[in-house]
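Have a look at the structure below, then the notes.
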Amino acid sequence: EATIFYRLQNSGKYKPVKIKKVKSNNWIVSYYTGNGNLYSYKYSNDAGCYQLYSLNVKSGTYKRVNKNFKVLEATGGSRYIYGSDNAGNSGLKIYDCKTKKLLRTIKPEKAKDPTGYSIYNYIQDAMVSGGKLYYMELGYYETIVFETSLGGKTKPKEIFREQTEEMRKLRNGKFYFAQMDENWELKYYTMDVKTGERKNSSMEEYDNAR
């Protein structure tokens, strides 16, 4: 297995230019214009975990930047990349493409199931909005949204806790989610993470949120 990275002009007038061929499958995550690095991650059979890599699109320099990093779906744009390590219930890791360092790691809150057994919640999604970090934690039959500072100067503050269906994500400064109404029909909603304003939404709006 191998992955070949190409560069192509936005106009599409020129042929693709090969940048690098690497062993194993790589999944592209983000491109940061500040340093011209393309970020991807792959599974390492030798290490037994996912790892984060950078590829300089001009020089072709390809290197590992974090040895235990499984990328979450949302990348936060071109600068911040969200992930977790490969151990279960490990929390949220934030890589800063500008400083080329791991910015911080956030552990999920402890929770208990109805029998009283202590478990860990699972952090599923994250985003940066208005200079603050928001992340979504899945508890026992509920979703919790937290707000905190990027650098860790403030403790995470809970801003939303409610039972939701499996469709839920953080994008564009909003929390998108779905719930069943009294007639067992799936209804879609958005919540502005800054104001807390909740509005009716649609499946189309949820699907189009990037």
Expected output: side-chain S129 to main-chain K174 donor-acceptor under 3.5 Å = no
Checking K42 against Y53: charged group under 6.0 Å from the ring centre and within 45 degrees of the axis?
-> yes
Distance col, row K70:NZ vs C49:SG, nearest 0.5 angstrom, shows 11.0 Å
Could you verify whether a donor N or O on one side chain and an acceptor N or O on the other, from N26 and S40, lie under 3.5 Å apart?
-> yes
Shortest non-hydrogen contact from R168 toward F175 = CB-CE1, 3.9 Å
Side chains of Y43 and N25: closer than 4.5 Å at any heavy-atom pair?
-> no
Taking side-chain contact (heavy atoms from CB on, under 4.5 Å) as the test, write out the residues that go with V57, two or more places apart.
-> I19, Y31, L38
If you look at every heavy atom in P16 and L8, which pair is closest and at what distance?
-> N-CD1, 3.8 Å
Quick one: do the Y176 and N208 side chains pair a donor with an acceptor below 3.5 Å?
-> no
Taken to the nearest 0.5 Å, the spacing of L133 CG from S149 OG works out to 8.0 Å
Using salt bridge (charged side-chain N to carboxylate O under 4.0 Å, His left out) as the criterion, list what pairs up with E205, not counting sequence neighbours.
-> none
Approximate separation, where rounding is to 0.5 Å, of T143 OG1 and E166 CD | 10.0 Å
One should read off an interatomic distance between E137 CD and Y122 OH, to the nearest 0.5 angstrom, of 11.5 Å
Between R171 and D125, is there a side-chain N and carboxylate O pair less than 4.0 Å apart?
-> yes
Would you say the side chain of F146 lies within less than 4.5 Å of the side chain of I159, judging by non-hydrogen atoms?
-> no
Does any N or O in the side chain of R210 come within less than 3.5 Å of the main-chain N or O of N172, such that one atom is a donor and the other an acceptor?
-> no
Within 45° of the ring axis of Y206 and under 6.0 Å from its six-membered ring centre, is that where the NZ or CZ of K169 lies?
-> yes
Name all residues meeting the ring-ring contact (aromatic ring centres under 6.0 Å, His included) criterion together with Y189; count only those two or more places apart in sequence or in a different chain, and write none if there are none.
-> F177
Does F69 reach the side chain of Y50, with side-chain heavy atoms less than 4.5 Å apart?
-> no
How many angstroms lie between atom CG of L92 and atom CE of M136, to the nearest 0.5 angstrom?
-> 11.0 Å
Applying side-chain contact (heavy atoms from CB on, under 4.5 Å), name anything that partners D181, two or more places apart in sequence or on another chain.
-> N183, E185, K187
Heavy-atom pair of closest approach, residues T154 and T148 = O-OG1, 2.7 Å
For salt bridge (charged side-chain N to carboxylate O under 4.0 Å, His left out), just list the numbers for K199 and D192, CA-CA rounded to whole Å, side-chain angles, deciding distance to a tenth of an Å, and then say yes or no.
-> CA-CA 9 Å; K199 292 183 177 180; D192 189 298; over 6 Å; no
Do the side chains of L52 and V71 get nearer than 4.5 Å, heavy atoms only?
-> yes
Minimum heavy-atom distance between T105 and K93, given as atom pair plus value | OG1-CG, 4.0 Å
Can you tell me how far CG of N37 sits from NZ of K98, rounded to the nearest 0.5 angstrom?
-> 14.5 Å
Please work out whether the ring planes of Y41 and W27 are parallel, tilted or perpendicular, with thresholds of 30° and 60°.
-> tilted
Indicate yes or no: at least one non-hydrogen side-chain atom of V145 is less than 4.5 angstrom from one of L170.
-> yes
With sequence neighbours left out, the residues meeting side-chain contact (heavy atoms from CB on, under 4.5 Å) with V17 are R7
Please report the shortest heavy-atom distance between A126 and Y82, naming the atom on each side.
-> O-CE1, 3.3 Å
May I ask you to test the L186-E165 pair for a side-chain heavy-atom distance under 4.5 Å?
-> yes
Between E162 and R198, does a salt bridge (charged side-chain N to carboxylate O under 4.0 Å, His left out) hold up when you go through it step by step?
-> CA-CA 13 Å; E162 196 166 338; R198 175 169 165 164; 3.2 Å; yes
Give a yes or no on whether the backbone of E158 and the side-chain of R161 come within a donor-acceptor separation of less than 3.5 Å.
-> no
Less than 4.5 Å apart, any side-chain heavy atom of Y188 and any of E204?
-> no
Between T61 and L55, is a side chain to side chain contact (heavy atoms under 4.5 Å, CB included) present by the stated rule, with each step listed?
-> CA-CA 6 Å; T61 302; L55 171 66; over 6 Å; no
So which heavy atom on I123 is nearest to which on I106, and how close?
-> CD1-O, 3.7 Å
Side chains of D96 and R79 in contact at under 4.5 Å (non-hydrogen atoms) | yes
Can you get from Y62 to I4 by hopping between Ile, Leu, Val, Met, Phe, Trp and Tyr side chains that sit under 4.5 Å apart?
-> no
What residue pairs, at least two apart or across chains, pass salt bridge (charged side-chain N to carboxylate O under 4.0 Å, His left out) with a residue in residues 144-157?
-> K132-E147, E147-K157
Can any side-chain N or O of Q179 pair as donor or acceptor with the backbone N or O of Q163 at less than 3.5 Å?
-> yes
